[in-house]
Amino acid sequence: MNTLPHNHANAPPGKRKEIYKYEAPWTVYSMNWSVRPDKRFRLALGSFVEEYNNKVQIVALDEDTSEFMAKSTFDHPYPTTKLMWIPDSKGVFPDLLATSGDYLRVWRVGDTDTRLECLLNNNKNSDFCAPLTSFDWNEVDPNLLGTSSIDTTCTIWGLETGQVLGRVNMVSGHVKTQLIAHDKEVYDIAFSRAGGGRDMFASVGADGSVRMFDLRHLEHSTIIYEDPQHNPLLRLAWNKQDPNYLCTMAMEAQECIILDVRVPCTPVARLNNHRACINAITWAPHSSCHICTAADDHQALIWDIQQMPRAIEDPILAYTAAGEINQIQWSSTQPDWISICYNNNMEILRV
């Protein structure tokens, strides 16, 4: 198995480095790559500070100096459970960033500052708000976002980002639909590229099930998988190239499970080389058979799942970080770069 990459700090001039590192002023928890074509090495980072006042920082790699620079930092109530740039690879929408925490917030990013465009709250008649555990932004229709909450529901939001001549129109949002998705807390939600990529999504939660929904037929859902021990499922991720496959992992688990929606309830593969609990999973944006997992054992592992349903014994690449990796993201616009977070560091690795 290859270990990768090495930092060629004293590589000859003109040779690109394999690793770039950014040190944040706080523990980094959430992280996401920008997809705009003109912002190649730009990421957003969210702090994890166990108090109300938290931060979001936008950083970009200066390709001349090979250093990451903080472009803007703004306050955020509570740590962001997730943050995500608008999936706008053509750069036609406003430059937006969404964050989840107590509510879903959409921010407009400028060159030097970031301002709140809208706060989406579907509990208008109550002082109580059920924290959002995660959300996903629909790639086919960037006017759709879905949130998952500890109150057992998922909410699908419609965004309006219309441009008005003479001034920039405010972004606003409304609830398209809210549904009780699980019997207990919902921990993650993700849209599928199946069937046109707009209407299908799945969720996982504390009841240990993966459920699939279709916005056109919300009266019923499909249970794709249930954890045999009913352990809570924390994350799910769809294969970016083949919507038949998705990956999930249970709380405190050292393996992640790949499911085929055509063969529900039976995992088609198990990836289990980690020596501590897995925290994050990300599929390759450009290949249907590569996935990366990251864990408390300091390791990021890339797997080739081509031989499914034969057992997948070993990853094809391994990277060892200097701490427990709590987040990993594969850049959709630059598929040879993966980013990881551990402690107060973010690194991007060339793979």
Side-chain angles (χ1 to χ4, degrees), residues 21-35 39 41-60 68 70-87 95-109 114 116-117 119-120 131-137 145-150 185-191 203-204 234-237 249 251 277-283 292-296 300 321 323-332 337-349:
K21 182 174 173 179
Y22 177 72
E23 243 176 279
W26 19 254
T27 301
V28 182
Y29 175 66
S30 51
M31 171 258 292
N32 189 244
W33 287 87
S34 171
V35 295
K39 308 279 188 198
F41 285 97
R42 182 176 68 162
L43 297 98
L45 309 174
S47 69
F48 185 84
V49 183
E50 291 192 30
E51 52 187 64
Y52 179 77
N53 295 316
N54 273 262
K55 301 282 184 192
V56 172
Q57 197 166 68
I58 292 163
V59 301
F68 269 105
K71 293 290 188 187
S72 78
T73 305
F74 57 95
D75 292 323
H76 195 281
Y78 305 106
T80 51
T81 50
K82 185 172 179 176
L83 43 75
M84 194 175 172
W85 295 91
I86 184 168
D95 198 2
L96 301 177
L97 176 72
T99 60
S100 54
D102 49 351
Y103 301 110
L104 181 66
R105 290 175 174 83
V106 179
W107 310 80
R108 185 186 295 256
V109 179
T114 303
L116 182 64
E117 282 285 294
L119 180 150
L120 302 178
L132 301 178
T133 51
S134 188
F135 73 96
D136 194 24
W137 207 322
L145 295 97
T147 55
S148 56
S149 170
I150 63 166
E185 297 94 331
V186 192
Y187 289 139
D188 203 3
I189 180 172
F191 286 104
S203 60
V204 292
L234 295 186
R235 293 279 168 266
L236 87 156
M249 67 197 201
M251 188 181 277
C277 70
I278 297 177
N279 296 319
I281 44 186
T282 180
W283 289 91
C292 190
T293 56
D296 275 354
E324 298 177 349
I325 305 176
N326 59 35
Q327 190 59 259
I328 186 158
Q329 298 269 317
W330 206 316
S331 171
S332 61
W337 291 94
I338 284 179
S339 55
I340 61 168
C341 293
Y342 59 92
N343 305 329
N344 62 333
N345 301 298
M346 186 269 298
E347 288 181 356
I348 65 169
L349 318 170

Worksheet item: When Y22 is tested against each of V28, N345, V59 for side chain to side chain contact (heavy atoms under 4.5 Å, CB included), which residue passes?
Response: V59
Fill in: Validation row: L96, R108 side chains within 4.5 angstrom (heavy atoms)
yes
Worksheet item: Mind checking whether E185 and P131 have side chains closer than 4.5 Å, heavy atoms only?
Response: no
Worksheet, complete the sentence: CE (M84) and CE (M31) are apart, to the nearest 0.5 Å, by 13.5 Å
Worksheet item: Between the main-chain N or O of N32 and the side-chain N or O of W85, is there a donor-acceptor pair closer than 3.5 Å?
Response: yes
Discussion item. Looking at every heavy atom in both A321 and I340, which two are closest together, and how far apart are they?
Written reply: CB-CD1, 3.9 Å
Worksheet item: When the ring planes of W107 and H76 are compared, do they come out parallel, tilted or perpendicular, using 30° and 60° as the limits?
Response: tilted
Practice prompt. Could you tell me whether a side-chain N or O of T133 sits under 3.5 Å from a main-chain N or O of V186, the two making a donor and an acceptor?
Written response: yes
Discussion item. I'd like to know if the side chain of T81 and the backbone of L132 have a donor-acceptor N/O pair within less than 3.5 Å.
Written reply: yes
Practice prompt. Can you measure from CH2 (W330) to OG1 (T282) and round to the nearest 0.5 angstrom?
Written response: 7.5 Å
Item to complete: Assess whether atom CD of E51 is packed by more than 12 heavy atoms of other residues, nucleotides or ligands within 6.0 Å.
Response: yes
Item to complete: Could you pull out the closest heavy-atom pair between V35 and S332, with the gap in Å?
Response: CG1-OG, 3.2 Å
Item to complete: May I have the step-by-step check of side-chain contact (heavy atoms from CB on, under 4.5 Å) for F68 and L43, ending in yes or no?
Response: CA-CA 10 Å; F68 269 105; L43 297 98; 3.8 Å; yes
Worksheet entry | Gap separating the CH2 atom of W137 from the CG atom of L145, nearest 0.5 angstrom | 5.5 Å
Response to the item:
When rounded to the nearest 0.5 Å, the distance separating CG of N343 from CH2 of W26 is 13.5 Å
Discussion item. Please report the interatomic distance OH(Y29) to CG(L45), rounded to the nearest 0.5 Å.
Written reply: 14.0 Å
Discussion item. Between K55 and D75, does any NZ, NE, NH1 or NH2 come within less than 4.0 Å of an OD or OE carboxylate oxygen?
Written reply: yes
Response to the item:
Heavy-atom nearest pair, L97 first then A44, reads CD1-CB, 3.8 Å
Worksheet item: Taking all non-hydrogen atoms of both residues, which atom of Y187 and which atom of R235 are closest, and how far apart?
Response: O-NH1, 3.6 Å
Worksheet item: Hey, are the side chains of S100 and T147 touching, using non-hydrogen atoms and a 4.5 Å cut-off?
Response: no
Fill in: Residues L116, F74; criterion side-chain contact (heavy atoms from CB on, under 4.5 Å); working and verdict
CA-CA 10 Å; L116 182 64; F74 57 95; over 6 Å; no
Worksheet item: Looking at D188 and L236, what are the two nearest heavy atoms and their distance?
Response: OD2-N, 3.0 Å
Worksheet entry | Flag, side chain of S72 to backbone of I58, donor-acceptor distance under 3.5 Å | no
Discussion item. Would you say that V109 contacts K39 through its side chain, given a criterion of any heavy-atom pair below 4.5 Å between the two side chains?
Written reply: no
Worksheet item: So, the side chain of N279 versus the backbone of Q327: is there a donor-acceptor pair under 3.5 Å, distance only?
Response: no
Fill in: Main-chain N/O of W337 paired to S331 side chain as donor or acceptor, under 3.5 Å
no
Worksheet item: Does S148 offer a backbone N or O that forms a donor-acceptor pair with the side chain of D136 under 3.5 Å?
Response: no
Discussion item. With a sphere of 6.0 Å drawn around OH of Y78, does it hold more than 12 non-hydrogen atoms of other residues, nucleotides or ligands?
Written reply: no
Discussion item. Show the nearest heavy-atom pair for residues I325 and A294, with the distance to one decimal.
Written reply: CG2-CB, 3.5 Å
Worksheet entry | Spatial distance of atom CZ (F48) from atom CG (N54) [nearest 0.5 Å] | 8.0 Å
